[in-house]
Number of protein chains: 2
Amino acid sequence: MSKPSALASTPAVEDQAPCCPPLAQQRIDAGTAVNLSAAFKALGDPVRLQLMSMIASAPDGEVCVCDLTPAFEVSSSTISHHLKTLREAGLVDAERRASWVYYRPRPALMRQLATLLTPND
Amino acid sequence: MSKPSALASTPAVEDQAPCCPPLAQQRIDAGTAVNLSAAFKALGDPVRLQLMSMIASAPDGEVCVCDLTPAFEVSSSTISHHLKTLREAGLVDAERRASWVYYRPRPALMRQLATLLTPND
DNA sequence: AGTCGAGTTTGACAACTATCGAAGCGGCGT
DNA sequence: ACGCCGCTTCGATAGTTGTCAAACTCGACT
């Protein structure tokens, strides 16, 4: 780990479990609830949800922060803070190339959340 | 509307739009983000996520609050408050029968969220 | 009518969060 | 080497949230 590098995603939820059948099929335990609710919380802000959507739908599979920031009314430091939250939740990944930082989605966790919410009828 | 009745679910997101293709397919607009992030926020607490899971996986399609409350370490007023949050998010529905109140899932919104999170690879 | 039990609402408070501006850092280009 | 640009981090602040105990409501059963 030569470089902590500020952009590392904390290896959240998706690494540690084969986790989880749909909510509607099986009650989840407290520990799992803590892990997964953190991801939902990260999506529980309008700005972050839009950021997530812009990142996940990027044609090239990644987006430059310089393209994200001007899409919102808030300051660039606020955007950076929201991106950090998404990173720490394990929903996105970041990489610096030259002067720019690019974000890309981490589909594993998204898929996990999607499965969790799938009704079983 | 003879009785506002405290248990009414505020008719949230799921009523107002045919909404939404997966995040990964199409960027969502600000208004939609506000609506849907409210639902994610409601799931963004460990207690509420467990409550949601217990309600969604109930064998009879519904659960008595009297069965929910003892499953947690927090006070019954706190559980009630969390249930209200889930109701207001449009994720669950409540009905009083005799002395007891029963909660049931509202799959429409859950399905919407699940679709939204489905990666398109 | 009176009481009890199940849930909800209210009020209060500590803890957390979204936001900003300012300061910091890492790379480029001159 | 120097200054600029893109982005992140820091420090401060107003607003929101999770929690509890206490007060209240609704229905059931004497």
Side-chain angles (χ1 to χ4, degrees), chain A residues 2-10 30 33-34 37-38 40-52 55 62-89 92-104, chain B residues 2-10 30 33-34 37-52 54-55 62-89 92-104:
Chain A
S2 43
K3 261 200 168 184
S5 102
L7 294 176
S9 308
T10 7
V34 169
S37 66
F40 284 123
K41 188 192 257 183
L43 296 173
D45 175 278
V47 173
R48 283 196 298 266
L49 190 55
Q50 276 186 95
L51 284 169
M52 190 67 220
I55 296 168
E62 62 178 16
V63 166
C64 177
V65 175
C66 61
D67 291 326
L68 296 172
T69 306
F72 300 86
E73 297 293 301
V74 300
S75 74
S76 89
S77 76
T78 297
I79 294 298
S80 186
H81 168 248
H82 282 310
L83 289 171
K84 183 183 192 176
T85 302
L86 291 173
R87 246 158 46 219
E88 289 178 343
V92 301
D93 235 342
E95 181 192 355
R96 168 158 222 150
R97 288 205 303 277
S99 288
W100 297 276
V101 176
Y102 296 87
Y103 278 77
R104 82 181 81 244
Chain B
S2 41
K3 264 199 167 185
S5 105
L7 294 176
S9 309
T10 5
V34 170
S37 67
F40 284 123
K41 189 192 259 183
L43 297 173
D45 175 277
V47 173
R48 284 196 297 268
L49 189 55
Q50 274 187 97
L51 284 169
M52 191 67 220
M54 293 175 74
I55 296 168
E62 62 179 15
V63 171
C64 177
V65 174
C66 61
D67 291 326
L68 296 172
T69 307
F72 298 86
E73 297 292 302
V74 300
S75 74
S76 90
S77 77
T78 297
I79 295 296
S80 186
H81 168 248
H82 282 311
L83 288 170
K84 183 182 192 178
T85 302
L86 290 173
R87 246 158 45 219
E88 288 177 344
V92 301
D93 235 342
E95 182 192 356
R96 166 159 224 149
R97 288 205 304 277
S99 288
W100 298 276
V101 177
Y102 296 86
Y103 278 77
R104 83 180 79 245

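Order of the sequence lines sets the chain letters (A, B, ...), proteins ahead of strands, with each chain counted from 1.
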> For B:Leu51 and C:dT8, what is the distance between atoms CG and P respectively, to the nearest whole Å?
11 Å
> Rounding to a whole Å, what distance do you find between B:Leu49:CG and D:dG18:P?
13 Å
> Applying a 4.0 Å non-hydrogen cut-off, can you work out what B:Arg48 is touching in the nucleic acid: base, sugar-phosphate, or nothing?
sugar-phosphate
> Within the structure, does a side-chain N or O atom of B:Tyr103 lie under 4.0 Å from either OP1 or OP2 of C:dT8?
yes
> Please report, rounded to the nearest Å, how far the C1' atom of D:dG27 is from the OH atom of B:Tyr102.
13 Å
> Taking the nucleotide of DNA chain C with the closest heavy atom to each, which residue, A:Thr85 or B:Thr69, is nearer the 5' end?
B:Thr69
> Of the nucleotides D:dC7, C:dG7, C:dT19, which one has an atom closest to the side chain of A:Trp100?
D:dC7
> Nearest 0.5 Å, what's the NE2-CE distance between A:His82 and A:Met52?
14.5 Å
> A:Arg97 CZ to C:dC28 C1': how many Å, rounded?
16 Å
> Taking atom CZ of A:Arg48 and atom NE2 of A:His81, what is their separation to the nearest 0.5 Å?
7.0 Å
> With a 4.5 Å heavy-atom cut-off, do A:Leu68 and A:Ile55 have their side chains touching?
yes
> Output yes when at least one side-chain N/O atom of B:Lys41 is less than 4.0 Å from OP1 or OP2 of D:dT17, else no.
yes
> To the nearest Å, give me how far apart CG (B:Asp45) and C1' (C:dT17) are.
14 Å
> If I take atom CG from residue B:Asp93 and atom CG from residue B:Leu86, how far apart are they, to the nearest 0.5 angstrom?
11.5 Å
> Just how far is it from atom OG1 of A:Thr85 to atom CG of A:Asp45, taken to the nearest 0.5 Å?
8.5 Å
> Distance check needed: D:dT25 C1' versus B:Lys84 NZ, whole Å only.
14 Å
> Quick one: CD1 on B:Ile79 to SG on B:Cys66, what's the gap to the nearest 0.5 Å?
13.0 Å
> Among C:dT9, D:dG18, D:dC7, which nucleotide has an atom closest to any side-chain atom of A:Val65?
D:dC7
> Could you check which residues of residues 70-81 of chain B get a heavy atom under 4.0 Å from DNA chain C? Sort them by number, please.
B:Ser76, B:Ser77, B:Ser80
> Which sits closer to the 5' end of DNA chain D, A:Cys64 or B:Ala98, going by the nucleotide each is nearest to?
A:Cys64
> Would you mind telling me which of C:dC28, C:dT19, D:dT8 lies closest to the side-chain atoms of A:Leu83?
D:dT8
> Would you mind telling me which of D:dC7, D:dC26, C:dT9 lies closest to the side-chain atoms of B:Arg96?
D:dC26
> How many whole angstroms separate atom CD1 of B:Ile55 from atom P of C:dG7?
12 Å
> Just the rounded figure in Å: distance from P of D:dC7 to CD of A:Glu62.
13 Å
> Once rounded to the nearest 0.5 Å, what's the spacing between atom OH of A:Tyr103 and atom CG of A:Leu83?
4.5 Å
> Show every salt bridge (charged side-chain N to carboxylate O under 4.0 Å, His left out) that has at least one partner inside residues 62-82 of chain A, sequence neighbours left out.
A:Glu62-A:Arg97, A:Glu62-A:Arg104
> Report yes if at least one side-chain N or O of A:His82 is closer than 4.0 Å to OP1 or OP2 of C:dT17; otherwise report no.
no
